Amino acid sequence: MSVEVLRAPKSWPRVVLARAGRYDPDAGLAAAEREGAWEAWKNAVSTLDPEGILATVTRSGLRGRGGAGFPTGQKWRACRDAPAREQRYVVANGYEADPGALLDRTLMEQDPHAVLEGLALACFAVGASRGVLAVKADYAVVLRRLAAVIAAVEGAGYIGRNIMGAGFDLQIEVRPLQGSFMLGEETVLLRAIENRRGMPDQRPPYPATRGLWDEPTVVNNVETLAAVPWIVANGAPAYLQVGRAGPDSPGTTLVQISGAAKRAGVVEAPMGVAIGEIVERIGDGTGSGQLKAVLLGGPSGGFLPADRLDVGLDYKPITDAGGILGSGSLLVADERACIVELATLMQRYVADEACGKTIPCRIGTRRLTEIGERFMSGRSRPSDPQLMQDLASDVRDGALCGLEYTAPNPLLTGMRYFAGEFEDHILRSTCPAGVCHPIRIAAGATH
Ligand SMILES: Cc1cc2nc3c(=O)[nH]c(=O)nc-3n(C[C@H](O)[C@H](O)[C@H](O)COP(=O)(O)O)c2cc1C
């Protein structure tokens, strides 16, 4: 299944999808090169200035699109400066762990050259001679296209040994991987690439200094890397002008609209644009039901109610509102949705996927799920709301990885913005949306 790239207003700039739809990804290298692919790479190799590339990416303010929004230039600097025994690595994270998320897949299908050129530039900038692109094993079209592009650019001498006579080597490998939600987490991903069993590692040391095979390794999301050729070709000042969120968070990000939106699909949106604008202008609002909320950032993301959709698509405002930008998935819920049920479903998913390495996460996410299930079934105890808050803090305090830190988000934001709905479940054993059973369905429920 592929998702549609939704039409966006003409004023919305395209960076990572700038070439999408303008060439046939199966038509060979020349077709992509006519649209500018590998231009930045060839310039980089001819000028041989990795520090210049690193400085450009740092000045551009590019932040990681894999979820945490870490400044890309800083990560690259740490890797370049870390001593390597034999070599450095760059790992492109195209595993796309979020269930139902098809953003990275859309990007890799539509413009595999952008991702691979970005990976090559990252390797060049940090002094890595090996790039690994990790892709979900069931992304068949992506895998086929990536293999064809790699063969073509190797054939053209853009990667491989003694690239374009410049005296350095770059090998790029695609690794199809299949696993759980946790496999997208960077330290788990690195272990999987090493063919080892993975659980998140305590950091520091970060992968940038000690990653794949204990060598300095940059792990970047594929969307982050796909922005790099554009930045190198157009310059940092041009990228800083893109988007509405200012110099702390420039550029664009891919967003996937799903759920009750009239139009579902992927769009490249300027950073800073209001979430509500995306829902209304791109998703065309909801169908028959009134817009109630969005769940932003996947199963450990946060709810925003319909009257708070002025929050901008940016890391800090979204975190302040209790959620995460995460992979950029935006699930639209209309009035027929029960937030208590949705939050509990998310909590259960995260509990099932948790690797179990730390006790607060292993036990805490399970207990949080049980509390949500008690809310849903009219069996709440008076102490449950406070217990939920306390447990959520404990889970967060013991966090070893991002999953643990963000796991309580849906329940916490649900309770924060839909307190009345939670009270109906807890105090009155009533589900206003008429979803939760066996508890009483409220009079006037829509179904
Ligand atoms: C449970 C979990 C799943 C994750 N899944 C992904 C994923 O599918 N793709 C991704 O790029 N990052 C994922 N991340 C974030 C990565 O650990 C890492 O921060 C990211 O790949 C770094 O790239 P960036 O700096 O370009 O954002 C996940 C994190 C957690 C905690």
Side-chain angles (χ1 to χ4, degrees), residues 16 57-58 60-79 89-105 107-108 115 118-119 121-122 126 132-137 139 142 175 177-193 198-203 206-208 211-212 217-228 231 249 251 253-254 256 297-301 315 324-329 346 349-358 361 365 395-396 399-407 409:
V16 297
V57 169
T58 305
S60 76
L62 175 66
R63 295 171 65 171
R65 299 294 187 246
F70 192 80
T72 306
Q74 263 183 49
K75 196 184 271 191
W76 289 16
R77 177 88 266 159
C79 180
Y89 294 90
V90 177
V91 171
N93 190 346
Y95 176 68
E96 192 150 54
D98 263 10
L102 296 163
L103 304 109
D104 293 344
R105 170 170 163 168
L107 169 64
M108 291 186 282
V115 175
L119 174 57
L121 284 162
V126 304
V132 181
L133 208 173
V135 179
K136 198 172 271 181
Y139 285 4
V142 171
R175 282 297 292 272
L177 292 172
Q178 193 65 296
S180 67
F181 186 51
M182 286 306 301
L183 187 44
E185 198 276 339
E186 58 187 10
T187 58
V188 180
L189 186 74
L190 293 176
R191 298 298 85 78
I193 293 170
M199 278 191 172
D201 286 337
Q202 181 83 48
R203 274 145 284 186
Y206 291 93
L212 199 58
T217 303
V218 163
V219 182
N220 270 141
N221 173 256
V222 286
E223 186 189 334
T224 315
L225 292 170
V228 170
I231 292 169
S249 227
T253 186
L254 293 178
Q256 181 178 339
S300 58
Y315 304 97
I324 51 167
L325 180 51
S327 63
S329 82
M346 299 301 148
Y349 175 80
V350 174
D352 287 348
E353 294 293 313
C355 73
K357 185 167 180 177
T358 74
C361 186
T365 54
V395 170
R396 284 199 160 154
L400 184 66
C401 81
L403 175 102
E404 205 169 349
Y405 192 76
T406 56
N409 278 343

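Note that the coordinates shown come from a computational prediction; the quantities given were computed from them, not determined experimentally. In listed order, ligands and their atoms are each counted from 1.
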Using heavy-atom distances only, which candidate in Leu190, Thr224, Leu400 approaches atom 26 (O) of ligand 1 most closely? Thr224
Asn409 and Arg396 side chains, donor-acceptor separation under 3.5 Å: yes
Please indicate whether any nitrogen or oxygen in Gly66 is less than 3.5 Å from any nitrogen or oxygen in ligand 1. yes
Which atoms from ligand 1 have a heavy atom of Gly402 less than 4.0 Å away? 31 (C)
Nearest-0.5 Å distance that lies between atom CG in Leu254 and atom CZ in Arg65: 9.0 Å
For atom 29 (C) of ligand 1, the closest protein heavy atom turns out to be Glu185 CA, 3.8 Å
Just need the protein heavy atom nearest to atom 4 (C) of ligand 1, so name the residue and atom and give the distance. Gly184 C, 3.4 Å
Using side-chain heavy atoms (C-beta onward) and a distance below 4.5 Å, is Leu62 in contact with Trp76? no
Decide whether an N or O pair under 3.5 Å exists between Asn93 and ligand 1. yes
Any Pro207 side-chain heavy atom under 4.5 Å of Leu190 side chain: yes
Mark up the atoms of ligand 1 that fall under 4.0 Å of a heavy atom belonging to Val219, in ascending order. 21 (O), 22 (C), 23 (O)
Got an N/O contact under 3.5 Å between Asp98 and ligand 1? no
In plain terms, say whether Arg191 and Asp201 are close enough for a salt bridge, that is, a side-chain N and a carboxylate O under 4.0 Å apart. yes
How many angstroms lie between OG1 in Thr58 and NZ in Lys75, if you round to the nearest 0.5 Å? 13.0 Å
Do Thr187 and Arg203 come within less than 4.5 Å of each other through their side chains, counting heavy atoms only? yes
Minimum-distance pair of heavy atoms, taken over all atoms of Leu189 and Ala134: CD1-CB, 3.9 Å
Tell me the protein heavy atom at minimum distance from atom 17 (O) of ligand 1, and give that distance in Å. Glu186 N, 2.9 Å
Does any non-hydrogen side-chain atom of Thr224 lie less than 4.5 Å from one of Asn93? no
Counting each atom of ligand 1 from 1 as listed, which ones have a heavy atom of Glu96 under 4.0 Å away? 8 (O)
Is there a polar contact, in the sense of an N or O pair closer than 3.5 Å, between Asn220 and ligand 1? yes
Contact (N/O only, under 3.5 Å) between Ala97 and ligand 1: yes
For atom 11 (O) of ligand 1, the protein heavy atom that lies nearest, with its residue and separation: Asn221 ND2, 2.8 Å
Note the single closest protein heavy atom to atom 25 (O) of ligand 1, along with its residue, its atom name and the distance in Å. Lys75 NZ, 2.7 Å
Ligand-residue contact atoms, ligand 1 with Arg65, heavy atoms, under 4.0 Å: 26 (O), 27 (O)
Closest approach of any protein heavy atom to atom 31 (C) of ligand 1, naming residue and atom: Leu403 N, 3.3 Å
Could a heavy atom of Arg63 be found less than 4.0 Å from some atom of ligand 1? no
Compare all side-chain heavy atoms of Phe181 with those of Asp352 and state whether any distance is below 4.5 angstrom. no
Measure the shortest side-chain to side-chain distance between Leu102 and Tyr139 over non-hydrogen atoms and say whether it is less than 4.5 angstrom. yes
